[in-house]
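Residue numbers count from 1 along this sequence. Remember, predicted model here, so these are calculated numbers, not experimental data.
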Amino acid sequence: NVGAGCNPEEGYVNCDWVAAPGIDVVFNIMERWPFEDSMADEVKAFEVIEHLPNLIWFMDEAWRVLKPDGVLVVRTCPPFTNNAWRDPTHVRPYLPDSFRYFDPDSPYHRCGSLYTDKAWRFAGWGMVGGDAFFVRMTPRKAVAEKPQGVVRKINGDVKELRGECNEYAKNGKDNVMKQEAASSSE
């Protein structure tokens, strides 16, 4: 329950950036979330995304922590409501179709791969009363039976990366890019 605020829910790990009664984990949602990869059955974010400066970061982190059969449920206010605009902490409103950009099967996705390599399945949406909508998304990622070697091109060389002790394999693309940048500046 990301951004639980004053609405923590039983049965969820309730998260927010401010410590409050019922909040289990305190962290900045715009930084790496303090959860393991593929560990969550559901990520719930009600009345959160309209406050964020970067939806793509949020979607990438939700994708990372969700299990392959997990579900992301987002609820927010659409732009045609007063609530979308009256709250001074709202950065921007969204439409249900905004989330279709993350689904490769959607006609909106034509440039989606320029923003992120994390693919989603748009699983549906609906209205909540007259002033909010919800969207359901599922991550498109395969279930690996056992860890496989990772192949990366580093400084022009193709390298196979194996094992937990290997920083590239452990930390993924971000660490590869940092290592490549450090190598090229030396």
Side-chain angles (χ1 to χ4, degrees), residues 1-35 37-141:
N1 189 13
V2 178
C6 56
N7 298 309
E9 290 192 34
E10 183 120 1
Y12 286 88
V13 176
N14 294 291
C15 309
D16 208 289
W17 70 305
V18 176
I23 299 301
D24 304 304
V25 182
V26 176
F27 67 96
N28 181 345
I29 196 172
M30 294 311 300
E31 295 175 1
R32 184 176 170 91
W33 299 0
F35 303 109
D37 295 357
S38 300
M39 57 80 60
D41 294 311
E42 180 179 0
V43 171
K44 176 181 166 183
F46 284 12
E47 314 303 328
V48 172
I49 63 162
E50 64 274 14
H51 298 272
L52 302 179
N54 189 336
L55 177 64
I56 294 166
W57 172 266
F58 170 85
M59 295 295 288
D60 282 358
E61 279 299 286
W63 189 95
R64 183 183 66 77
V65 303
L66 279 169
K67 293 178 181 176
D69 59 348
V71 177
L72 169 65
V73 182
V74 172
R75 185 176 77 196
T76 188
C77 44
F80 52 81
T81 63
N82 287 334
N83 194 34
W85 304 104
R86 85 174 113 224
D87 185 335
T89 66
H90 287 185
V91 175
R92 64 160 290 183
Y94 293 92
L95 292 167
D97 284 343
S98 302
F99 294 87
R100 292 182 191 268
Y101 278 82
F102 297 95
D103 186 340
D105 293 337
S106 166
Y108 294 100
H109 186 77
R110 63 187 177 274
C111 295
S113 61
L114 298 175
Y115 306 123
T116 180
D117 60 351
K118 310 294 187 281
W120 290 85
R121 182 174 295 105
F122 184 86
W125 73 279
M127 290 299 295
V128 180
D131 64 350
F133 69 87
F134 71 90
V135 172
R136 292 177 59 85
M137 306 285 288
T138 57
R140 292 179 183 247
K141 53 183 169 177

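- No side-chain donor-acceptor contact under 3.5 Å links R64 to the backbone of K118.
- Applying side-chain hydrogen bond (donor to acceptor under 3.5 Å, both in side chains) to D105 and the options R121, R140, R100 leaves one that passes, R140.
- For the atom pair L72 CG and E61 CD, the distance stands at 12.5 Å (nearest 0.5 Å).
- Between the H90 side chain and the E50 main chain, no donor and acceptor come within less than 3.5 Å of each other.
- Looking at M137 and W63, their side chains never come closer than 4.5 Å, going by heavy atoms from C-beta outward.
- Going from atom CG of D69 over to atom CG of D41 covers 7.0 Å, rounded to the nearest 0.5 Å.
- Residues Y101 and W120 place their aromatic rings such that the two centres sit no closer than 6.0 Å.
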(Q) Could you walk me through whether F99 and M59 satisfy the side-chain contact (heavy atoms from CB on, under 4.5 Å) test, starting with their C-alpha distance in whole Å, then the side-chain angles of each, then the deciding distance to 0.1 Å, before giving a yes or no? (A) CA-CA 9 Å; F99 294 87; M59 295 295 288; 4.2 Å; yes
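- Distance CZ/F80 to CG/D131: 9.5 Å, rounded to 0.5 Å.
- A84 approaches C77 most closely through the heavy-atom pair CA-SG, 3.6 Å.
- In this structure a side-chain-to-backbone donor-acceptor pair under 3.5 Å is missing from W33 to A62.
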Q: Any chance you could lay out the side-chain contact (heavy atoms from CB on, under 4.5 Å) test for Y94 and L55, step after step, and finish with the verdict?
A: CA-CA 10 Å; Y94 293 92; L55 177 64; 3.4 Å; yes
Q: Could you check T76 against F133 for side-chain contact (heavy atoms from CB on, under 4.5 Å), going step by step and ending with a plain yes or no?
A: CA-CA 6 Å; T76 188; F133 69 87; 3.4 Å; yes
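- For the atom pair CG (D37) and CG (L66), the distance works out to 11.0 Å, reported to the nearest 0.5 Å.
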Kindly list each side-chain donor-acceptor pair under 3.5 angstrom involving residues 23-31, sequence neighbours excluded, with atom names and distances?
{"residue": "D24", "atom": "OD2", "partner": "N14", "partner atom": "N", "Å": "2.8"}
{"residue": "N28", "atom": "OD1", "partner": "M30", "partner atom": "N", "Å": "2.8"}

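- Seen from the ring of F134, R136 does not count as a face-on cation partner, given the 6.0 Å and 45° thresholds.
- Nearest heavy-atom pair, F122 versus D103, reported as atom, atom and distance to 0.1 Å: N-OD2, 2.8 Å.
- Here the OG1 atom belonging to T89 is positioned 10.5 Å from the CG atom belonging to L52, to the nearest 0.5 angstrom.
- The two residues A119 and P104 have their closest heavy-atom pair at CB-CG, 3.7 Å.
- When all heavy atoms are compared, the tightest approach of W85 to T81 is CD1-O, 3.4 Å.
- Every residue meeting the side-chain hydrogen bond (donor to acceptor under 3.5 Å, both in side chains) condition with D60, not counting sequence neighbours, appears here in chain and number order: T116.
- Judged by distance alone, with hydrogens and angles left aside, the side-chain atoms of N1 form no donor-acceptor pair with the main-chain N or O of A4 at under 3.5 Å.
- Minimum heavy-atom separation, M127 to A132: CE-O, 3.4 Å.
- Atom CG of residue D87 and atom CD of residue E47 lie 10.0 Å apart, to the nearest 0.5 angstrom.
- Heavy-atom minimum distance, C6 versus P8: C-CD, 3.2 Å.
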